[in-house]
Each structure stands twice: as C-alpha cells, then as structure tokens.
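Once you've had a glance at the structure underneath, I'll fire off some questions.
Just follow the structure's listing: the first ligand is 1, and inside any ligand the first atom is 1.
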Amino acid sequence: MRKPIIAGNWKMYKTLKEAVDFVNEVKTQVPTNEKVDAVVCSPALFLPTLVEATKGTDLAIGAQNMHYETEGAFTGEVSPVQLADIGVSYVVIGHSERREYFNETDESVNAKAHAAFAHHLKPIICVGETLEEREAGQTVSKVASQVKAAMKDLTAEQATQSVVAYEPIWAIGTGKTATAADANEVCGEVRKAIAEVFSEEVAEQTRIQYGGSVKPANVEELLSMEHIDGALVGGASLEAASYLKLLEAGANA
Ligand code: 13P
C-alpha cells in the first residue's frame with residue numbers, strides 16, 4: 001500500500017508574510033502523516049523560516065530546485081548541502097518550467113537525483129509531454145525515456161524512495177486536466193518504466209503523482225486511480241483552504 005503524497009508547488013508566488021501565514025494556518029489542521037504525506041515546496045528564500053515554523057508538525061517543506069554540486073562558483077544557485085543543512089525534506093527536480101526556461105536536461109535531472117539522495121533529500125522527479133508530443137502519439141516514449149534517464153544508476157532502495165510526478169505540460173496552469181483515465185494510463189507507463197530499470201517489486205513501491213490543474217473538485221477521482229499515488233499542485237495549493245481540501249482527499253484515498 002503506497003501512502004498518498006500531496007505536494008504544493010508554489011512556484012514564484014507569495015511574500016514571506018503570506019508564506020508564513022499559510023503554514024501557520026495549515027500546520028494545525030494537517031492530517032496525520034500516517035495517512036498522507038503533506039509537502040509545501042516554497043521559493044528558496046522562505047525555506048529556513050518555513051522549516052522552523054513547521055518543526056514537529058506533519059507538514060514537510062520542500063525546495064523547487066537545487067544545483068547538483070555540493071558547493072562552488074554558481075552565482076544564484078542553491079546546493080543540496082545548503083538545503084539539507086536547514087532541514088528541508090523534499091526537492092522538486094526537472095519541473096517542466098525549469099526544463100523549458102532554465103535549460104534543465106535529463107542529465108542534470110539525473111545528477112540532481114543522485115545529489116538529493118547523497119544529502120538525504122527526497123526528490124520529486126517531474127516528467128511530462130508537450131501537447132505536440134501527445135498529438136504525435138509520443139507520450140509514452142517521451143515519459144518513459146525521461147523516467148529512465150532521471151533514475152539512471154540510482155539504487156533500488158533510492159528508486160523506491162523517489163517520487164515521480166507525471167505532469168503533462170499542456171495541463172499545467174491551463175485548467176485542462178488530463179482525464180483520470182488518461183493520467184492513470186500514463187502513470188502506469190511510468191511504473192512500467194521503473195519496473196524495466198529496477199524490478200516489479202521496486203515499481204510497486206515507488207509513488208507516482210499526477211500534476212496539472214489538480215484542484216479540490218477533481219483530486220478525489222484522480223487519487224482513486226490505481227497508479228496515481230498523489231498530486232503535485234500549483235495554483236490550487238496557494239490558498240490554505242484549498243490545500244487542506246487536497247490533503248483531506250489524500251488522507252481518505
Ligand atoms: P497547476 O496545478 O497550477 O496546473 O500547476 C501544476 C504544476 O506545475 C505543479 O508542479
């Protein structure tokens with residue numbers, strides 16, 4: 001039985017005060033982490049404050065990106081050592097916005113996955129196809145190749161601790177959600193790719209999220225699907241009330 005994981009990805013939204021007010025409201029109402037893993041991935045600037053504010057609660061804090069090197073002359077970057085040092089638990093890697101606007105490649109995503117595990121951070125590895133790829137019938141080959149590249153040379157144990165987020169690019173921030181059946185089918189293909197690289201047993205344990213216009217109104221149906229173990233949520237994670245509804249759906253899934 002895979003525990004559901006609901007992660008908010010705030011992207012480049014919120015001021016410090018808004019971020020703190022959000023976690024202070026959510027942390028007292030978050031369902032027990034025996035039922036659901038609740039994560040908020042905030043802008044790097046707020047991470048130390050949010051980690052402090054959520055200490056001892058069932059709300060975990062994640063970063064949205066990091067460099068794969070432990071340190072160095074990389075102006076503007078944040079290292080895995082720095083994230084681990086302040087107590088961050090998760091890190092999103094390979095988000096489609098980073099692949100598209102910041103030259104993130106399958107190789108850098110793989111390097112980041114290794115760096116995350118080296119520093120006890122749990123990676124949320126994002127994969128997904130463009131609309132053109134979907135229309136050309138390339139969804140499965142694209143997503144499977146991204147999964148295999150991102151998880152290259154991880155150990156089986158690390159693979160089971162990875163979270164893979166399937167986010168069709170055409171569904172991000174557009175209000176267009178993949179149907180639950182379509183999302184489940186591709187998440188099933190992600191699981192198949194993991195089984196090919198590692199084993200059926202590993203693939204059965206690895207959690208796979210769907211992301212792309214997830215909201216309280218559609219989350220239950222998505223989470224009821226066999227291969228969908230959680231959600232990575234942008235817009236609908238920005239308001240505490242909406243995020244709490246997503247968590248509740250996760251706890252009841
Ligand atoms: P939306 O939920 O706003 O579509 O964003 C999805 C996403 O990119 C989460 O990482």
Sequence neighbours left out, cut at 3.5 Å: what donor-acceptor pairs do the side chains of residues 246-253 make with other protein atoms?
{"residue": "Asn252", "atom": "ND2", "partner": "Glu248", "partner atom": "O", "Å": "3.2"}

Open item on the list: Please list all pairs meeting salt bridge (Lys or Arg N to Asp or Glu O under 4.0 Å) that have one or both residues in residues 177-191, counting only residues at least two apart or in different chains.
Closed with: Arg134-Asp182, Glu189-Lys192, Arg191-Asp229
Open item on the list: Going by the rule ring-ring contact (aromatic ring centres under 6.0 Å, His included), which residues pair with Phe74 if we only count those two or more places apart in sequence or in a different chain?
Closed with: His67
Task: First-shell residues of ligand 1 [heavy atom, distance under 4.0 Å] - done: Asn9, Lys11, His95, Glu167, Ala171, Ile172, Gly173, Gly212, Ser213, Leu232, Val233, Gly234, Gly235
TODO: Find out whether the Lys NZ or Arg CZ of Lys122 is both under 6.0 angstrom from the six-membered ring centre of Tyr90 and within 45° of the ring's axis.
DONE: yes
Task: Pair Phe46 and Trp10, ring centroids less than 6.0 Å apart - done: no
TODO: Following the transitive rule for hydrophobic clusters with a side-chain heavy-atom cut-off under 4.5 Å over Ile, Leu, Val, Met, Phe, Trp and Tyr, establish whether Val219 and Val26 coincide in one cluster.
DONE: yes
